[in-house]
Structure formats: C-alpha cells, structure tokens
Amino acid sequence: MMKSFKLKNILLIACAAFVFTACSSKTEEEYNKPALYWYNKMLKQIASADLDEADDTYTSLESEHRNSPFIPSAMLILVNAHIDEEEYSLANFYLDEYIKRFGLSKDIDYARYLKIKANFLGFKYQFRDQQLIEDTLVQVQEFKAKYSTSPYMPLVDTINARLSMAKASMDKEIVDLYKRKDKEAAAAFYESKLKESWIAPNEIEPVKVPFYRSIFE
C-alpha cells in the first residue's frame with residue numbers, strides 16, 4: 001500500500017514537472033536580439049512557408065530596430081511571399097507602410113509596381129471589383145507619369161492593357177443591363193465611358209467567370 005502511494009506521488013510530481021517545463025518552453029519569449037538575427041530568422045520561416053511566424057518575427061525586427069537597414073528589404077520580401085500565397089491584403093499592408101516610410105528609396109518604383117501587381121492579381125469578381133479596377137488604373141497612370149524609365153514599365157503596361165479590357169467589358173455589361181431595365185440615361189452614361197476607352201467595342205472580350213460564380217455576379 002505504501003509503495004503504491006509513493007509511486008503515485010512520484011508520477012504526479014513527474015507529470016507536474018513535465019507540464020511546467022512544456023509551458024515554460026512555450027511561453028518563453030525571444031527579445032533583445034540583433035537585427036541580423038531577426039532578419040535571418042524571418043528568411044528561414046519564409047523558406048519554410050510559415051508566413052504567420054515570419055510576420056511575427058518581422059514585428060520583432062521592426063520593434064527593436066526600427067531604423068535598421070534590413071527593414072526595407074524585409075518588407076519587400078514579405079510582400080512577395082504574401083503575393084505568392086495570394087494573400088493580397090497583407091501584401092498591400094506592407095506596401096502601404098513601405099511607400100509611406102521609404103518614398104525616396106531607390107526601390108520605390110518596384111514597390112509601386114508590386115502594389116499594382118497585388119491589386120491586379122486580387123481582381124477576382126467580375127462585377128464586385130469595379131472600384132478596385134478604377135483605383136488600380138489610376139495607380140497605373142501615376143506610375144507611367146513618375147517612373148517612365150522604370151524597368152517595370154513593360155509589366156505595368158501589360159497590366160494596364162488587361163485591366164482596361166476588364167473595365168471595358170464591365171462597362172459594356174452594365175450598358176446591356178441598364179438597357180434591359182429600360183434605364184436609358186444610365187445606359188447612355190456608361191456608353192459614354194466606353195467611347196472614352198481606347199478599346200474598340202468589337203475588341204471587348206467578356207471577363208471569364210467560373211459558372212458556379214457567374215450566377216452570383
């Protein structure tokens with residue numbers, strides 16, 4: 001009986017020690033590390049496709065070393081990682097911060113190109129993303145005006161052409177919709193927008209939408 005009691009006590013103590021150790025290891029926080037430490041750790045996490053942890057590590061880098069020269073490149077690396085994972089909202093979050101903080105950087109044209117790219121790739125819904133198209137086309141025109149010699153200009157031109165086609169297709173669909181509803185004034189308004197486009201009406205291709213989603217558009 002006494003041996004059994006001692007054995008139970010030993011097991012309880014061992015379990016308690018295990019739980020305490022496990023909890024301690026989980027709650028142990030890293031801090032006060034060199035900027036290079038955080039930067040390299042973030043790169044390893046991105047390479048392992050652990051973007052949530054990479055975001056947290058970047059937060060540590062930015063918090064402890066706000067003026068570190070690693071910050072700009074870390075932000076752009078995270079932007080590309082989130083774009084690759086189709087997480088365009090997070091990519092735009094970092095891009096907005098980058099543009100605000102490093103507007104005079106030699107890589108600002110690259111950041112603004114990535115902003116256009118993220119918006120373009122985020123265009124998914126034919127009739128729900130009208131404002132996104134409008135805003136991105138404005139960004140395209142600003143890019144073309146400010147960075148005419150940028151090496152990213154051909155890519156921006158390609159996005160511009162495809163978004164302009166999407167916008168023209170959307171405007172044409174809206175014209176047809178208003179005509180079916182006998183709303184001539186509204187139809188005429190969108191027809192005037194179509195005439196302002198450099199795309200001829202017979203060149204407009206309908207935006208391809210999966211059948212399962214088209215019924216909700």
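- With sequence neighbours excluded, the residues forming a side-chain contact (heavy atoms from CB on, under 4.5 Å) with Q139 are K115, I116, N119, listed by chain and number.
- Judged by the 6.0 Å distance and 45° axis criteria, K33 is positioned over the aromatic ring of Y37.
- I99 is listed as a side-chain neighbour of R112, based on a closest heavy-atom distance under 4.5 Å.
- No side-chain donor-acceptor contact under 3.5 Å links Y178 and E184.
- Counting all heavy atoms, side chain and backbone alike, H82 lies closest to D55 at NE2-OD1, 3.0 Å.
- Smallest separation of non-hydrogen atoms from S150 and D109: OG-OD2, 2.8 Å.
- Residues W38 and F70 form no side-chain contact, since every pair of their non-hydrogen atoms from C-beta on lies 4.5 Å or further apart.
- Residues Q131 and E134 are in side-chain contact: their nearest non-hydrogen atoms beyond the backbone lie under 4.5 Å apart.
- I77 and L90 are assigned to two separate hydrophobic clusters, defined by single-linkage of ILVMFWY side chains at heavy-atom distances under 4.5 Å.
- Looking only at distances, a side-chain donor or acceptor of N80 sits under 3.5 Å from a matching main-chain atom of L76.
- Residues L51 and Q45 are not in side-chain contact: their nearest non-hydrogen atoms beyond the backbone lie 4.5 Å or more apart.
- Nearest heavy-atom pair across M42 and A54 is CG-O, 3.7 Å.
- Residues K100 and Y98 are not in side-chain contact: their nearest non-hydrogen atoms beyond the backbone lie 4.5 Å or more apart.
- The shortest distance between side-chain heavy atoms of T57 and Y39 does not fall below 4.5 Å.
- The distance from the OH atom of Y88 to the CG atom of L132 is 11.5 Å, given to the nearest 0.5 Å.
- No hydrogens or angles considered: nothing links the side chains of S63 and Y31 as a donor-acceptor pair under 3.5 Å.
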Would you list the atom pairs, donor with acceptor, under 3.5 Å between side chains in residues 152-159 and any protein atom, with sequence neighbours excluded?
residue: D157; atom: OD1; partner: K144; partner atom: NZ; Å: 2.6
residue: T158; atom: OG1; partner: P154; partner atom: O; Å: 3.0

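- Shown here for E64 and N32, the closest heavy-atom pair between the two residues is OE2-N, 2.7 Å.
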